[in-house]
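Working notes for the structure below.
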Amino acid sequence: MTGAGMIRRAVWVGMLCALSAMASFAQEAGKEAAIPDMRWAVKIPMRDGVSLNATVFLPHGQQDPVPVIFTLTPYIGDSYTDRAMYFAQHGYVYALVDVRGRGNSGGTFEPFASDSKDGYDLVEWFAKQPFCNGKVTMWGGSYAGYDQWTTLKAFPPHLTTIVPAAAAHPGTDFPFSLSIFAPYDEQWLTFTSGATSNANLFGDAAFWGAKAKEYYDGHLAFKDFDRLAGNPSAIFQKWLKHPTPDAYYDAMVPTPDDYKRINFPILTITGHYDGDQLGAFTYYKRHMQYGTAEAKANHFLIIGPLDHAGTRTPRRDVGGLKFGEASVLDLNRLHTEWYDWVMKKGTKPDFLKKRIAYYVVGEGAENWKYADTLESIANEKRTYYLASNGSAESVFHSGSLQFSGSNTGVTGDKWTYDPLDTRPGDAEQPDDAGLTSQWAALNTFGNGAIYHSAPFEEATELTGFVKLTVWLTMDVPDTDLDADLYEILPGGRSVALTGSSMRARFRESAREEKLVTPGKPEKYVFDSFTFFSRRVAKGSVLRLFIHCPNSPGVEKNYNSGGVVAAETGKDAKTAHITLLHDAEHPSTLEVPVVK
């Protein structure tokens with residue numbers, strides 16, 4: 001699987017890691033203070049008459065009212081008892097609330113749809129309880145990170161702050177990522193089906209891998225994957241009817257006017273390898289775009305070398321890489337310090353020296369660094385021009401990334417994507433070291449173009465977002481594209497840096513499709529790469545790999561130009577693609593450099 005595919009899969013891989021980490025974390029919780037008091041099966045009425053179920057933990061023997069923290073989750077509140085114990089032992093009331101239709105809550109669960117209103121009602125109900133001093137906040141990541149933003153957009157008067165980690169952003173990174181769905185959608189919907197946890201079924205990688213391969217090898221329509229998996233889902237089918245960020249998803253997230261109204265501190269947490277990084281940055285960037293100067297000054301951002309689960313429980317080992325001890329933050333402590341600062345008149349956490357904290361990885365040169373804005377981190381944009389002598393089909397016969405826009409007279413590089421070719425997917429193997437794997441680049445099966453830079457003359461920090469602009473011609477009305485960037489160390493080791501994807505019909509707008517005119521040179525701008533920060537070693541080279549995804553892990557585009565979710569092998573059209581890099585069609589890679 002490629003770098004972009006690895007980033008997408010990090011969402012569910014990280015969830016599996018989070019489930020396995022719960023037990024070990026729970027062993028550490030509860031050691032510092034008296035065991036909290038508990039109130040079981042607290043029923044909280046919503047405005048429409050449905051009651052949500054909460055398990056409430058209070059500081060042992062609590063006498064005076066204190067702030068309330070709650071988690072609103074589809075994963076059953078019991079999953080986060082460890083966190084509730086911790087914060088109740090550190091001076092807060094903590095409530096674990098099942099979303100409607102899950103656990104012991106009433107109503108029917110439709111992911112994302114009701115949480116804004118329910119979040120408002122929960123905040124205001126907790127604020128009125130005798131154990132609460134009128135200040136309410138939230139904790140959680142992924143779906144529970146989304147719940148914080150969607151509750152904020154309702155502006156409950158007693159919500160005092162939010163600390164969203166790895167927050168999913170409907171219509172951006174879930175249920176599709178950059179307009180491309182994945183079998184993981186059905187896996188997640190099965191996890192959250194009915195009232196019970198279903199964690200074991202969700203975590204059965206062999207089962208879900210086999211079903212994805214059955215869909216892939218059988219050239220079946222993606223819309224039938226829910227039935228193939230054995231759990232027909234009205235939600236799955238509804239999502240497929242909304243394959244773009246339209247009004248259905250817009251209603252779930254803050255509007256520009258909502259961002260202008262924000263008036264309290266926010267702490268956003270994400271990671272280099274967080275599968276919901278795109279969502280977390282969408283919220284952050286939109287607040288930076290629309291928010292008031294005062295509110296933006298109180299929005300802090302942490303970007304560590306973290307995968308999805310690591311945004312709540314950091315670990316040093318991620319995807320075959322091992323980071324320094326300083327990378328592992330005590331996030332429970334940081335949350336406590338944040339809550340104390342905002343809700344108890346404590347001091348600002350020492351770790352938050354500036355508005356942005358980011359961790360630079362790289363052999364022998366790891367450390368946390370700080371910045372006031374994202375734009376101020378990199379002080380140089382290094383532009384590489386894609387070029388070749390007519391051969392860019394493999395790591396051994398590659399094109400080049402060069403500083404000059406001159407060319408050798410070769411107009412472009414060609415590759416072929418045949419949707420009926422199942423060799424790539426059939427050869428895929430589970431890989432816990434996905435960030436260091438070179439399998440995809442070494443096994444292109446004729447699908448893709450590869451470009452290498454000259455060796456770096458000195459160690460160089462690259463931090464931020466890259467941008468790729470390529471000119472392509474193709475003989476099909478649509479296809480999907482992946483672009484992945486790697487560091488290749490002097491000894492030959494590969495490290496994935498960042499990746500991005502695109503469905504060709506959305507090359508001009510994420511909201512409006514425009515099919516490709518076969519044979520016409522058109523510009524494709526990849527500006528949704530994930531954030532990364534790495535000190536590239538002296539002698540290393542950059543590797544850029546551009547290709548069409550062909551994996552059981554993603555919805556297959558059969559290139560017909562029809563409704564992708566309804567396409568089957570019968571609709572397949574082989575794509576012959578040329579990447580142009582002549583004087584009239586310069587294809588470039590912009591890389592952020594910190595000097």
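No hydrogens, no waters, no symmetry mates; every other heavy atom, side chains included, goes into these values.
No more than 12 heavy atoms of other residues, nucleotides or ligands lie within 6.0 Å of NZ in Lys573, so this atom counts as exposed by the packing criterion. Atom NZ of Lys467 is surrounded by 12 or fewer heavy atoms from other residues, nucleotides or ligands within 6.0 Å. Within 6.0 Å of NZ on Lys117 lie no more than 12 heavy atoms contributed by other residues, nucleotides or ligands. Counting non-hydrogen atoms of neighbouring residues, nucleotides and ligands closer than 6.0 angstrom, the CG atom of Asp246 exceeds 12 such neighbours.
Counted by atom type alone, Thr150 and Asp115 present zero donor-acceptor pairs between their side chains at under 3.5 Å. Counted by atom type alone, Ser388 and Asp413 present one or more donor-acceptor pairs between their side chains at under 3.5 Å. Judged by distance alone, the side chains of Tyr215 and Asp224 never bring a donor and an acceptor atom under 3.5 Å apart. Thr311 and Asp274 share no donor-acceptor pair across their side chains, judged by distance under 3.5 Å alone. Remark: the Ser177 side chain and the Asp173 side chain contain no N/O donor-acceptor pair separated by less than 3.5 Å. Between Ser551 and Glu428, the side chains place a donor N or O and an acceptor N or O closer than 3.5 Å (distance only, hydrogens not considered). Asn557 and Thr479 form no side-chain donor-acceptor contact under 3.5 Å, judged by distance and modelled atom types alone. Counted by atom type alone, Arg493 and Gln438 present zero donor-acceptor pairs between their side chains at under 3.5 Å. Using a 3.5 Å distance cut-off with no hydrogens or angles, the side chains of Glu590 and Thr588 do not pair a donor with an acceptor. No hydrogens or angles considered: nothing links the side chains of Tyr290 and Asp258 as a donor-acceptor pair under 3.5 Å. Between the side chains of His452 and Ser398, at least one donor N or O sits under 3.5 Å from an acceptor N or O. Using modelled atom types, one finds a donor on one side chain and an acceptor on the other under 3.5 Å when comparing Thr498 with Thr530.
Between Tyr259 and His287, the two ring planes are parallel [angle under 30°; tilted spans 30° to 60°]. Ring geometry for Phe222 against Phe225 counts as parallel: the plane angle stays under 30°, on a 0 to 90° scale with 60° as the upper cut. Taking the six-membered ring for Trp and thresholds of 30 and 60 degrees, Tyr143 and Tyr146 have ring planes more than 60 degrees apart, a perpendicular arrangement. Using cut-offs of 30° and 60° for the angle between ring planes, the Trp188 and Phe174 rings count as perpendicular. Using bins of under 30°, 30° to 60° and over 60° for the plane-to-plane angle, the ring pair Trp239/Phe112 lands in the tilted bin.
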- request: Any chance you could lay out the salt bridge (charged side-chain N to carboxylate O under 4.0 Å, His left out) test for Arg227 and Glu186, step after step, and finish with the verdict?
  value: CA-CA 10 Å; Arg227 290 191 294 275; Glu186 174 64 13; over 6 Å; no
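A salt bridge links Arg534 and Glu487; the closest N-O separation between the charged side-chain nitrogens and carboxylate oxygens is under 4.0 Å.
To the nearest 0.5 Å, atom CG of residue Leu485 and atom OG of residue Ser500 are 11.5 Å apart. With values rounded to the nearest 0.5 angstrom, Gln148 atom CD is found 9.0 Å from Thr268 atom OG1.
Shown here are the salt bridge (charged side-chain N to carboxylate O under 4.0 Å, His left out) partners of Lys514, two or more places apart in sequence or in another chain: Glu508. Checked against ring pair (Phe, Tyr, Trp, His ring centres under 6.0 Å), His219 has no partners two or more places apart in sequence or in another chain.
Pro164 has its side chain out of reach of Tyr283: every pair of non-hydrogen atoms, C-beta onward, lies at least 4.5 Å apart. Side-chain contact check for Leu462 versus Ser533: every heavy-atom pair is 4.5 Å or farther apart. The side-chain heavy atoms of Leu374 and Tyr284, taken from C-beta on, include a pair separated by under 4.5 Å. With a 4.5 Å cut-off on side-chain heavy atoms, Leu301 and Tyr358 do not count as touching.
Annotation: cation-pi geometry not satisfied between Lys285 and Phe531 (NZ/CZ under 6.0 angstrom from ring centroid, within 45° of ring axis).
Judged by distance alone, with hydrogens and angles left aside, the side-chain atoms of Asn198 form a donor-acceptor pair with the main-chain N or O of Thr190 at under 3.5 Å. Side-chain N or O atoms of Ser142 include none that pairs as donor or acceptor with a backbone N or O of Ala144 at under 3.5 Å.
Each of Trp208, Tyr75, Tyr184 was evaluated against Phe191; a single residue qualifies, Tyr75, per the ring pair (Phe, Tyr, Trp, His ring centres under 6.0 Å) test.
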